[in-house]
Amino acid sequence: MLVCRKKTIRYYEDVGLVAPLRAENGFRQFRSSDLRALRIIKNARNLGFSVEDSRALLDLFMNQDRSSADVKKLATKHLEETRSKMEKLATLCTQLDRLTKDCQGNEMPDCAILDFLANLN
């Protein structure tokens, strides 16, 4: 079962997140630790963590002397950033909702959306 697409694995190799062994024919040979790392990275990315934060989480996972406080700090920071983005998106949704309601959407050339866009500074 593939953990990630080949293209994604190549990218993770290029940025130094994983380093699977290579067979004589050049094919990747994944150890269980490589597959676990790919799963951690994939799941972190699916939660919206950046590549660098995913690297930090993977490093923390590999460090048996880690403190869960370090993991929580990273996750809390990401949660705060995500909430901030959600607030901005909610504002955008409200604005777009108002604009689409204000636009007649008929055969006439007047358009509240274009008027708004033309007046942005």
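Predicted model, so just to flag it, every value in this text is computed and none were measured. Residue numbers count from 1 along this sequence.
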Find the distance between [atom1] ([X]) and [atom2] ([Y]) and round it off to the nearest 0.5 Å.
X: Lys42; Y: Asn46; atom1: NZ; atom2: CG; result: 6.5 Å
X: Cys93; Y: Met86; atom1: SG; atom2: CE; result: 10.5 Å
X: Asp70; Y: Leu57; atom1: CG; atom2: CG; result: 10.5 Å
X: Ile113; Y: Asp102; atom1: CD1; atom2: CG; result: 8.5 Å
X: Arg5; Y: Arg10; atom1: CZ; atom2: CZ; result: 10.0 Å
X: Arg36; Y: Met62; atom1: CZ; atom2: CE; result: 6.5 Å

Please report the shortest heavy-atom distance between [X] and [Y], naming the atom on each side.
X: Ala37; Y: Val18; result: CB-CG1, 4.1 Å
X: Cys4; Y: Tyr12; result: SG-CE1, 4.3 Å
X: Cys103; Y: Cys111; result: SG-SG, 3.5 Å
X: His78; Y: Gly48; result: CE1-O, 2.9 Å

> Is any side-chain heavy atom of Ile9 less than 4.5 Å from a side-chain heavy atom of Arg28?
Replying inline: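 SC-SC contact between Ile9 and Arg28 confirmed.
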Do side-chain atoms of [X] reach the backbone of [Y] as a donor and acceptor pair under 3.5 angstrom?
X: Arg31; Y: Leu35; answer: no
X: Arg66; Y: Asn63; answer: yes
X: Asn119; Y: Asp115; answer: yes
X: Ser84; Y: Glu80; answer: no

> Can Arg22 and Glu13 be said to form a salt bridge (charged side-chain N to carboxylate O under 4.0 Å, His left out), step by step?
Replying inline: CA-CA 12 Å; Arg22 293 286 182 157; Glu13 277 185 290; 3.3 Å; yes
> Below 4.0 angstrom, N of the basic side chain to O of the carboxylate: do Glu81 and Lys77 qualify?
Replying inline: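 Looking at Lys77 together with Glu81, the answer is yes, because their closest N to O distance falls below 4.0 Å.
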> Is Arg55 salt-bridged to Glu52, cutoff N-O under 4.0 Å?
Replying inline: yes
Check for me, please, whether [X] and [Y] land in the same ILVMFWY cluster - side-chain distances under 4.5 Å, paths through other members count.
X: Leu79; Y: Leu60; result: no
X: Phe49; Y: Val71; result: yes
X: Leu74; Y: Val51; result: no
X: Phe116; Y: Leu96; result: no
X: Phe61; Y: Phe30; result: yes

> Yes or no on side-chain contact (heavy atoms from CB on, under 4.5 Å) for Lys101 and Asp97, after CA distance, side-chain angles and deciding distance?
Replying inline: CA-CA 6 Å; Lys101 286 178 182 172; Asp97 186 52; 3.1 Å; yes
>> Apply side-chain contact (heavy atoms from CB on, under 4.5 Å) to residues Thr91 and Glu87 and explain how you reach the verdict.
In response: CA-CA 6 Å; Thr91 300; Glu87 288 173 10; 5.6 Å; no
